[in-house]
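When a ligand or atom number is given, it counts from 1 through the structure's own listing order. Remember, it's a predicted structure, so these values are computed and weren't measured experimentally.
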Amino acid sequence: MSEDFIKLGWKAPSNIALVKYWGKKENQIPANASLSITLDYATTSTFLSFKVKKVKDNRISLTYFFHQVREEKFENKIAALLNRLIPEMPFLVDYELVFHSENNFPHSTGIASSASSMAALALCLVHMEILIKQTHQTKETFFQRASYIARLGSGSASRSIYGGLVTWGAVNGEVGTSDLFASPFNLDETSRLNSVRDIILIVSSQEKSMSSSIGHSQMEQHPYRNGRINQANANISELLSSVRTSDYANIAKIAEIEALSLHALLMTSGADGFLLKPNTLQIIDEIKRFRNEHQLDLFFTIDAGPNVHLIYYEDQREQVLSFVERTLSIYCEDGKWIDDKIGEGPVCLTPQNLDLE
Ligand code: PMV
């Protein structure tokens, strides 16, 4: 690539929601607040190279490579997003943009990559904005803007801008929470959640029969819509208070209710929303049996797909790993599962000085 391109890059992680974002209003405003754990291992790395166009044409010009291959499908999707972002970032039309992106989690593992990829993309765009405008930003305003931009790409991506436990959506009584961007939740250093881990049990790596945008839109007319909004908002407040009081049994209970509520909403939406597989239910059954037998604080959660996230704490890792190897891997596609844990959030991959105060 020629010398006059400026290059920058960000690595952003995926996240798993304990209180689910499901349903939205205009402009990617969530119907309810959500809460997630940012992961460590599952990440997207994106590099953006840009240079001023020789001839101005007021159009987005971009090339998008995914794992070094030019991908038209992604290119069109990103072009559509950048076109939507022009009112926010009018400078985008003045530059030639080249993206190189890759996920470190293997293809076809059934892990949704929109959170990590949209977060990495948003960080690149906001970083570019700072370099062009030569403005000074604090860490707080930089990441808040990146979360705001990530939200416009994919709601759950707004949470991947921060490490640890993250909320998105205004939560009653929680200072700093907003519908426009995510906010990191300050965990007490004694909390076991600082060492929370996630084993992702791959029941199926097939593409889902329903995209999350169709799923969100189904919520607009859903007969349970209002009940769901009230339930999620109550659940997030109760979950945060259980985090503060270290009530691990209640955290587990709320997270499981959330996962099952998401699927109940999917199944009753009138669209093809039955995403669970027989092995998903087998795994849930085994997790409950194992938890009762050993009195552990582990629990399951599920995204809009058939794969199960087994959430547990570092101090119970040995027991959990042998349970997964002995019992749960039998229900996984080709015995596949991914070992992940709570992570610290995105990392800048290029040396450009951001000059963040
Ligand atoms: O960010 P989206 O539009 O892909 O929606 C994701 C919604 C869930 O993953 C099902 C739940 C969540 O809060 O992450």
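- Between Arg244 and Asp188, none of the side-chain N atoms (NZ, or NE/NH1/NH2) sits under 4.0 Å from a carboxylate O, so this pair counts as no salt bridge.
- Residue-ligand proximity, Ser114 to ligand 1, at heavy-atom distances under 4.0 Å covers atoms 4 (O).
- Listed by number with element, the atoms of ligand 1 under 4.0 Å from a non-hydrogen atom of Ser154 are 1 (O), 2 (P), 4 (O).
- Looking at Ser34 next to ligand 1, no N or O pair under 3.5 Å apart turns up.
- Considering only non-hydrogen protein atoms, atom 4 (O) of ligand 1 sits nearest to Ser212 OG, 2.9 Å.
- Using a 4.0 Å cut-off between heavy atoms, Ala17 contacts ligand 1 through its side chain alone, with no backbone atom that close.
- Under a 4.0 Å criterion applied to the non-hydrogen atoms of Asp303, ligand 1 contributes the atoms 8 (C), 9 (O), 10 (C), 11 (C).
- When every heavy atom of Ser147 is checked against every heavy atom of Ser158, the shortest pair comes out as OG-O, 2.9 Å.
- Within the structure, ligand 1 has Arg159 among the residues with a heavy atom less than 4.0 angstrom away.
- A heavy-atom separation below 4.0 Å is found between His216 and ligand 1.
- With sequence neighbours left out, Phe74 forms a ring pair (Phe, Tyr, Trp, His ring centres under 6.0 Å) with Phe66.
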For this session: Step by step, work out the side chain to side chain contact (heavy atoms under 4.5 Å, CB included) result for Leu152 and Arg84.
Result: CA-CA 9 Å; Leu152 299 173; Arg84 287 205 307 276; 5.8 Å; no
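- Annotation: Phe47 is not in aromatic contact with His100 [ring centroid separation under 6.0 Å not met].
- With respect to atom 1 (O) of ligand 1, the closest heavy atom belonging to the protein is Ser156 OG, 2.7 Å.
- Looking at Arg197 and Asp339, a side-chain N of the basic residue comes within less than 4.0 Å of a carboxylate O on the acidic one, giving a salt bridge.
- The shortest contact between atom 7 (C) of ligand 1 and any protein heavy atom is with Tyr21 O, 3.5 Å.
- Every residue two or more places apart in sequence or in another chain was checked for a salt bridge (charged side-chain N to carboxylate O under 4.0 Å, His left out) with Lys77, and none qualifies.
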